[in-house]
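Here is how names work: the chains are called A, B, and so on, in the same order as the sequence lines, proteins then strands, and each is numbered from 1.
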Amino acid sequence: MPELPEIETLRRDLISLGLPGRRITDVRIFWERSIQSPSPGDFSSLIRGRRVSGIRRRGKYLALDLEGNMSLLIHFRMTGGLIFTDKETDPDPHDRVIFGLDEGSLVFHDTRKFGRMVLTDEPETILHSLGPEPFDSSLTPELFFSRLTSRKRVLKALLLDQGFIAGLGNIYADESLFAAGLHPLTPSNVLDRSESEKLLRCIREVLDRGIRNRGTSLGDGESNFSSSGRYGRNADSLQVFRRAGKPCPRCAAPVERIIVAQRSTHFCPVCQPLLMKASEHATL
DNA sequence: AGTGGCCCCTGGCGGC
DNA sequence: TGCCGCCAGGGGCCAC
């Protein structure tokens, strides 16, 4: 499940492999629903002939900026990946869209077909609904605290909400909460300033480690392809994710697994006690 | 306003 | 061994 560190790794790989400057000469669409808009026919005719001028990331979106004021936004959802290759090989059964380039080709690979692309001259109409970038300096501890406490939602659900903060998915949300020592069901409005500050710091540390490790490969059938093969070695750094029943690396208590917001959620019941307001304690 | 249910998909895996 | 049914999981949408 590509999250911020995996998309960032892909972005950096595509740049170092020389995708910017390449021209899209041809499009083959094998699964039409991979193209969210415009229609597959318009998509092909509008994108053909354009040169890639830049590659950005916003949350879990990768944006290929194209000459002539167009952007290709790609969301990889669960199993999507993008492979930039100079070899002409037969399409894999899971290749959904192949862009022929003036040199090489760019393959959108997506086993479970959840990924989506949008070709648009107004990417902001899609990206504006995303919350702040975790590493953006405009996301100050004060702003994070006010966003956290101005509503009452369980922390896990809030961290997964791309409108609250952009780029966290199930893996890095669980790992951030573990690092911060916060129970996933903690209501967001009970955190004090220092707990909020710690959570923001932990989110940044967990994501930064993920990027330095070139992302997380779980090796369980999810494709998660970066352009230079599978994603990186961050699985070795995971403390609680998919470790239910195994000892907490900090205190050795068994890691628990619960469902929160329809997502499996992993935490240490000892290191991540549930905080509540004093008034709510009294009523229990 | 916040949460839960359901949907989209398919490979992998547990159960028998 | 083989087959069936269940599950994960990001995000959109709808109901409560």
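Which of B:dC9, B:dG11, C:dG9 sits closest to the side chain of A:Arg33 comes down to B:dC9.
Note: CZ (A:Arg257) to C1' (C:dG9) measures 11 Å, nearest angstrom. Remark: C1' of C:dG9 and CZ of A:Phe76 are 17 Å apart, rounded to the nearest angstrom. Between the CD1 atom of A:Ile259 and the P atom of B:dC6 there is a distance of 14 Å, rounded to whole Å. Taking atom CG on A:Asp92 and atom P on B:dG11, their separation rounds to 11 Å, with Å as the unit. The interatomic distance linking A:Asp110 (CG) with C:dG9 (C1') rounds to 13 Å, in whole Å. Atoms CD1 (A:Ile258) and P (B:dG4) sit 11 Å apart, rounded to a whole Å. One atom, CG of A:Leu158, and another, P of B:dA1, lie 14 Å apart when rounded to the nearest Å.
A:Leu182 places a side-chain heavy atom less than 4.5 Å from the side chain of A:Leu191. In this structure, the side chains of A:Val270 and A:Cys248 stay at 4.5 Å or more apart for every pair of heavy atoms.
Remark: A:Glu3 does not engage A:Lys60 in a salt bridge, criterion side-chain N to carboxylate O under 4.0 Å. Between A:Arg11 and A:Glu8 there is a salt bridge, since at least one side-chain N of the basic residue sits less than 4.0 Å from a carboxylate O of the acidic one.
Direction of the helix axis in the helix from B:dG2-C:dC16 to B:dC16-C:dG2 shifts by 50° between the two five-pair termini, rounded to 10°.
Applying the ring pair (Phe, Tyr, Trp, His ring centres under 6.0 Å) definition to pairs two or more places apart or across chains, those involving residues 123-158 of chain A are A:Phe144-A:Phe164.
Look at A:His94 and you won't find any side-chain N or O under 4.0 angstrom from OP1 or OP2 of B:dC9. A sub-4.0 Å separation between OP1 or OP2 of B:dG11 and a side-chain N or O of A:Thr79 is absent.
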Taking N or O atoms only and anything under 3.5 Å, show me the protein contacts with nucleotides 10-13 of chain C, one pair per line.
| residue | atom | partner | partner atom | Å |
| --- | --- | --- | --- | --- |
| C:dG10 | OP2 | A:Arg263 | NE | 2.9 |
| C:dG10 | O3' | A:Lys60 | NZ | 3.4 |
| C:dG10 | N7 | A:Arg263 | NH2 | 2.5 |
| C:dG10 | N2 | A:Arg77 | NH1 | 3.2 |
| C:dG11 | OP1 | A:His75 | NE2 | 2.6 |
| C:dG11 | OP2 | A:Lys60 | NZ | 3.1 |
| C:dG11 | OP2 | A:Gln162 | NE2 | 3.3 |
| C:dG11 | N7 | A:Arg263 | NH2 | 2.7 |

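The heavy-atom pair separating A:Gly181 from A:Pro273 by the smallest distance is O-CD, 3.9 Å. Closest approach of A:Arg22 to A:Asp102, counting heavy atoms only: NE-OD1, 2.9 Å.
Summary of the strand contacts: A:Val154 and A:Arg116 both lie near DNA chain B, and taking for each the nucleotide with the nearest heavy atom, the more 5' one is attributed to A:Val154.
Checked by atom type and distance alone, the side chain of A:Ser217 never pairs as donor or acceptor with a backbone atom of A:Gly215 at under 3.5 Å.
Under the side chain to side chain donor-acceptor pair (under 3.5 Å) test applied with A:Lys156, the options A:Thr186, A:Asp174, A:Asp161 reduce to a single match, A:Asp174.
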